[in-house]
Amino acid sequence: MASTTSKSSFGQALHFITDIKLHELEKQRVSYQSHAKILDEAKALGDSGDIIKKVEVLAKAVKSWTGSGSVDPFIKLVGGKLDLSNLEFWLQQAKKDPSFSREIAEGWASTLEKHIQHNVVRFDAAKLFGNLFNEWLASGDSVAVVYQASPDEKDTVAKGGSSADFKEKLISIIFDDHSVDADKLKEYLEGLFESEEGTKALDKLRKEIKSFSYWFKRQPVSNTDVKNAISGLLASGLMDEEKRTTLKAFQENAIVIDEIASVLSMRMAGIDSWAWPKEGIQVEFRRHLNGKYRAFTDPEIIDALLLHYIGVAWQIKLKAALCRIFEGKAWIRPDIPTHKVKEQRKQRLRGDDGTSSIQAARDEARKNHFFMTQLQDTANTPKLYDEAGDDQNTKNITDGAAIKQKLLHIMTTECYLNTALHGSHAAVCSDLEWFGPSLPHTSILTILEFFGMSKTWLGFYKAFLSTPVYFAGDTESRVRKRGTPISYSLSVLCGEAVMSIMDFAVNQRANGLYLYRMHDDLWLWDADPKKVADGWAEMNKYAELAGLKFNQKKTGSAYVGPPNVSSSKLPKGDIAWGFLKFDASESRFVINQADVDLHIVEMRRQLASTKSVFGWINAYNKYMAFFMRNFGGIPANCFSKKHILSMIDTLARIQRELFPGSDADGNGGAVGYLRKILKERFGVADLPEGYFYFPIGSGGLELRNTMLELFALHRQGRPLSSYSDHASDNEEGNDSEHSDSASEPGSDDSSDLDDYKVFEEDEAMADQKFVKRIENDPKAYKRMKEVWERDEDKRRARYYMGVVNDEFMSFEEFTSLRESWLAGWGQSYKHMLKLPETFPLKVVPKLREVMDRWKWSSTSWYEKWVVSMYGEEVMKKFGGLEVVDPKLIPVGMVQLFRSSRMKLDQ
């Protein structure tokens, strides 16, 4: 069946369910309009003075309605304050008691009238909701597919050009057999492992890979393997919608899973003869928010499952083997003290064993976030990378974006640390040009062979890389001679295998320097510019041998410190990421407003191309999340108030540029634009502001306000506007980090000196944190030395003679441990990398009464903010927090809106 059939079936089912709900909603709306005419009768009774009769008429109308907005038959509560069961008895008293107050009865009438009026308004909102949804479905603004980009896609792009430009460039690369001297590359690889420890590590690696090559080919594919492969494919975004639907159906059918496992096991047994279909695989282009194109191939389901299963298995094995090298003696790292020295330091530093140091934090971050992290650890944990910017929630960013933002925080913190301790900081960033499409097959196969892969598997990898592809309009396919196809687990493995050599080369040839790498995004930094220059030189040497090319537009460096000869050897250009550029004069990242301007123009064009309100909101939300992510996301403590305010000001400027001419009443921005559109297209006005921000699941428009997350950042319970960057008032009195006081030796808390508490110093500028720590070191050293000298008897009784020297360490030795050992410095370092907390919202009692329906404890912080700020006006307009009865909203539509990919105007 053609893919359009599957898509049509999916769409028809969605339309069918939606039509039923919207039809029922409209039927009830019309019926209630007739029902609500009782208000006219009640008004006439009130005008004639028969207030009791008016209440009876209204109460009867409220009780008789059984559709949406009806009163709970068990609770019988109206407006949260009038019980209909009680009202029956009260009315009897009101009729007979001469002293009964008319004002009380008027209050009853008012409550009942408001209930009916609120239902009328909610049904009007329901009609608007249905109109908006139908407009959206008819417009074709969105596609019901979530696109997840894999890490090897990043450079398969042509920014600012057409798909034809991209196609021309891609063809010029993938069909060009780039020459690589395999013998010279092998010689280089052998040289990297020439040390005694390196030779041992290489031998062990080769034995592991050789053993796995033999075992894996003979391992039967289990049902669990199939299920994991299906989940992985669905997460990758490789398959088209028809095949995704089929894969989802497979997940629910145990018999099909069993049959697929049997077929894949047979395919594995004959893996040495595997080949692509002779007719080839078609290439499809997709464009994304950043203006870039990516080229996808769409394999048959069984081939896709087989290739994914193989790729993930090899990823797990290769990552585990390379991690052992990273953790072993072949990897150059700072000198590790002997056991005796460790024990001596631990005693002198009152239990500090070095595991909370800056170096320990670095090692943990490198292993968990930057070393081979594109490869899977287990078969059931697929990596998700969304480079396209489709995530609406900036607090729920994808793995790739989260790691990049973490890198920015580390880079900034290390700059402040290095300049404070060593007086200088050098950094280089780069990436590889068209990395995925341009990887020479010779380099991939040479390195896999060097690692110990068997000839059978090398043959399979060669067949996989030699993909026959064709483009729309081609009459025959051509075999690609360079590069890897996008979004395959095998492609990721090939790229990581090649790049792992660069990781090790920098470590070996630049005196232990670490290459911070996210696939082919490359970052180097150190206090010593010579080490950075050496690392950069080695990267260039390897790139030339392996047939890789650095992207000069994305290559740059920065140096902070006094003039240095080595800094002149660093590459020219700026260090940039997203919309951020590193400013060496300020030692921090700043927003590149020129880049923002270009994307404002593109965003305006894309918004103008939408044909529906929901399509417009979908595009707006995704673009604002895209901006936020490229500003670095939520800034860690290492980013100052100045940076946060710059983000807020830039987001506000984007609004002003997109929607010029806000009036004095604030009817501008995205909300003002939507008010205008709703009035022009649907004749609807007088909507509360909260309606635009409330979730679609409650009948709102779910417009995203990205600035809220920045305004909500607080320090010690104060809003952004109330604190200063400069350390002043509380520097001495309230800063536990720099307090002169210390616990008395021998007291219960003497092992927890102030020097080891987590530092709060929120009043201090980020770039002064480590400077202040240096100023505090003499006091910390003095306190520890005093404790050591006073505790002589206990110390001698606790340890054997000769294990511990009675002399306390010198101040020079103490300060030499700032990065490698001291927990206090480690805590300062971690505090700089920590994300600030959001303001703890408090809900007024009136709103709290109706929050149970919202499950407040499980609601996101953003939704809590929206409800807290706008809830009262929404309740005043609609009588509750649900603008439309949730039972009548098509649930499928809500999920479709939240997961849909915007259809870009190309």
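We're numbering straight along the sequence, starting at 1.
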[X] [atom1] to [Y] [atom2] distance, which is reported to the nearest 0.5 Å:
| X | Y | atom1 | atom2 | result |
| --- | --- | --- | --- | --- |
| Met628 | Ile654 | CE | CD1 | 11.0 Å |
| Thr815 | Ile774 | OG1 | CD1 | 9.5 Å |
| Ser820 | Ile358 | OG | CD1 | 9.0 Å |
| Ser357 | Asp363 | OG | CG | 7.5 Å |
| Leu710 | Met647 | CG | CE | 4.5 Å |
| Ile591 | Asp583 | CD1 | CG | 12.5 Å |

State whether the number of non-hydrogen atoms from other residues, nucleotides or ligands found under 6.0 Å of Glu364 atom CD is greater than 12.
no
Counting heavy atoms not belonging to Glu544, are there more than 12 under 6.0 Å from its CD?
no
May I ask you to test the [X]-[Y] pair for a side-chain heavy-atom distance under 4.5 Å?
| X | Y | answer |
| --- | --- | --- |
| Lys549 | Phe435 | no |
| Pro334 | Gln359 | yes |
| Ile600 | Arg656 | no |
| Glu709 | Trp865 | no |
| Gln606 | Met603 | no |
| Val428 | Tyr559 | no |

Within the side chain of [X], is there an N or O that forms a donor-acceptor pair under 3.5 Å with the backbone of [Y]?
| X | Y | value |
| --- | --- | --- |
| Asp352 | Ala823 | yes |
| Arg629 | Gln405 | no |
| Ser557 | Pro571 | yes |
| Asn507 | Trp331 | no |
| Ser567 | Pro529 | no |

Would you call [X] and [Y] a salt bridge, taking side-chain N to carboxylate O under 4.0 Å as the test?
| X | Y | answer |
| --- | --- | --- |
| Asp597 | Arg653 | yes |
| Lys530 | Asp534 | yes |
| Lys553 | Glu433 | no |

Side chains of [X] and [Y], donor plus acceptor under 3.5 Å:
| X | Y | value |
| --- | --- | --- |
| Glu414 | Tyr829 | yes |
| Thr650 | Gln593 | yes |
| His831 | Lys769 | yes |
| His519 | Glu496 | yes |

Would a line drawn from the ring center of Trp525 to the ring center of Tyr514 be shorter than 6.0 Å?
no
Test applied, ring pair (Phe, Tyr, Trp, His ring centres under 6.0 Å); reference residue, Phe631; option that passes from Phe626, Phe589, Phe579
Phe579
Dump the intermediate steps for side-chain hydrogen bond (donor to acceptor under 3.5 Å, both in side chains) on Glu819 and His422, then the final yes or no.
CA-CA 12 Å; Glu819 296 178 74; His422 309 291; 2.9 Å; yes
Kindly confirm or rule out a cation-pi arrangement of Arg588 over Tyr416, judged by NZ or CZ under 6.0 Å from the six-membered ring centre and within 45° of its axis?
no
Cation-pi between Arg704 and Tyr862: NZ/CZ under 6.0 Å from ring centre and within 45° of the ring axis?
yes
Any idea which heavy atoms bring Lys830 and Ala361 closest together, and the distance?
CE-CB, 4.1 Å
Output, in order, the C-alpha distance, side-chain angles, deciding distance and verdict of side-chain contact (heavy atoms from CB on, under 4.5 Å) for Trp825 and Asp777.
CA-CA 10 Å; Trp825 277 82; Asp777 274 348; 3.2 Å; yes
Check the angle between the aromatic planes of Phe659 and Trp616 and answer parallel, tilted or perpendicular using the 30° and 60° thresholds.
tilted
Going by side chain to side chain contact (heavy atoms under 4.5 Å, CB included), Tyr516 matches just one of Ile403, Leu407, Asp503. Which one?
Leu407
